[in-house]
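The structure appears right after this line, and notes come after that.
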Amino acid sequence: MSFVPFLQAGTPAQGNFLMTVLPFVLIIGIFYLFIIRPQNKKQKETEKMIAALKKGDKVITIGGIHGVVHQTKEKTVIVKVDDSTKIEFNRSAIASVVTDRPADVKSAKKSEKAQQAEKNDAAKEPADAPVAEEPAAQGESHE
């Protein structure tokens, strides 16, 4: 029986118990930090957004319908999708409130980058221009 030492029963050491429990504690901690906590935070933000809905807000529903809030009720919202079309949704069916400001910020950043690129191109042109135009102006051919 000495050739199968792992089958022999013995008293487990205190460190052995810690080594078996530690991975489970780490997995639970990782799940909390990367899954549970962000999900709770997002849910609270969504609840705030739904509670703050008011007339005139541009919204998108979970079904992808775009419209403007026409009227708010306790548990529902009436969304105006067209001039004569109004649809009543549960508040929980509103996926997001659309704001035009972030699009303007993005376009402003793009235009700043474009202006900076034009300045860089303008600074490079004088150095490159005489070298490229000189052989063409003289009409010389290189054989």
Side-chain angles (χ1 to χ4, degrees), residues 1-138 141-142:
M1 279 209 224
S2 63
F3 62 90
V4 190
F6 59 87
L7 292 177
Q8 294 176 353
T11 58
Q14 187 71 357
N16 195 10
F17 174 74
L18 181 63
M19 294 304 280
T20 56
V21 174
L22 186 64
F24 293 113
V25 171
L26 288 174
I27 289 172
I28 291 170
I30 289 171
F31 266 86
Y32 176 75
L33 287 176
F34 291 111
I35 297 173
I36 298 169
R37 187 171 161 231
Q39 185 178 11
N40 287 342
K41 187 176 179 182
K42 185 174 180 179
Q43 184 178 4
K44 286 180 183 179
E45 288 175 2
T46 304
E47 288 173 1
K48 275 184 178 179
M49 183 256 320
I50 289 173
L53 283 175
K54 61 186 180 300
K55 185 177 180 177
D57 285 345
K58 294 180 183 178
V59 295
I60 302 174
T61 66
I62 57 174
I65 298 174
H66 295 243
V68 178
V69 175
H70 179 71
Q71 182 181 0
T72 59
K73 296 182 180 179
E74 185 178 331
K75 293 186 179 185
T76 61
V77 176
I78 297 176
V79 178
K80 186 176 181 181
V81 227
D82 197 15
D83 291 334
S84 61
T85 309
K86 296 175 187 139
I87 306 173
E88 188 169 1
F89 290 99
N90 285 337
R91 283 183 175 259
S92 61
I94 304 298
S96 63
V97 176
V98 179
T99 57
D100 295 331
R101 193 173 55 185
D104 294 337
V105 172
K106 287 180 184 177
S107 64
K109 286 183 181 179
K110 287 181 183 178
S111 64
E112 287 176 11
K113 287 181 181 179
Q115 289 174 356
Q116 188 175 14
E118 288 176 4
K119 287 179 184 178
N120 290 342
D121 290 342
K124 290 179 183 178
E125 282 182 19
D128 295 339
V131 176
E133 292 178 16
E134 195 171 319
Q138 293 176 358
S141 63
H142 294 17

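Residue numbers run from 1 in the order of the sequence given. Computed from a predicted structure; not experimentally measured.
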Can you spot which of L53, I50, V77 makes a side chain to side chain contact (heavy atoms under 4.5 Å, CB included) with V59? L53
Could you tell me the separation between the CE atom of M49 and the CZ atom of R91, rounded to the nearest 0.5 Å? 10.5 Å
Pairwise distance OG1(T76) to CD1(I94) - rounded to 0.5 angstrom: 10.0 Å
To the nearest 0.5 Å, atom CD1 of I78 lies from atom NZ of K55 at 10.5 Å
How far does OG of S96 sit from NE2 of H66, to the nearest 0.5 angstrom? 8.0 Å
With rounding to the nearest 0.5 Å, note down the distance linking NZ in K80 to CD in Q71. 12.5 Å
Heavy-atom side-chain contact between I65 and F89 under 4.5 Å: yes
Quick one, V68 with D57, criterion side-chain contact (heavy atoms from CB on, under 4.5 Å). Give me CA distance, side-chain angles, the key distance, then yes/no. CA-CA 6 Å; V68 178; D57 285 345; over 6 Å; no
Over all atoms of both residues, closest heavy-atom pair of L33 and P38: O-CD, 3.4 Å
Exercise: identify the closest heavy-atom pair between E88 and K73: OE2-NZ, 3.6 Å
K48 vs K44 side-chain heavy atoms within contact, under 4.5 Å: no
Is there a side-chain contact between Q39 and I36 (heavy atoms, below 4.5 Å)? no
About how many Å separate CD1 of I28 and CD1 of I30, when rounded to the nearest 0.5 Å? 11.0 Å
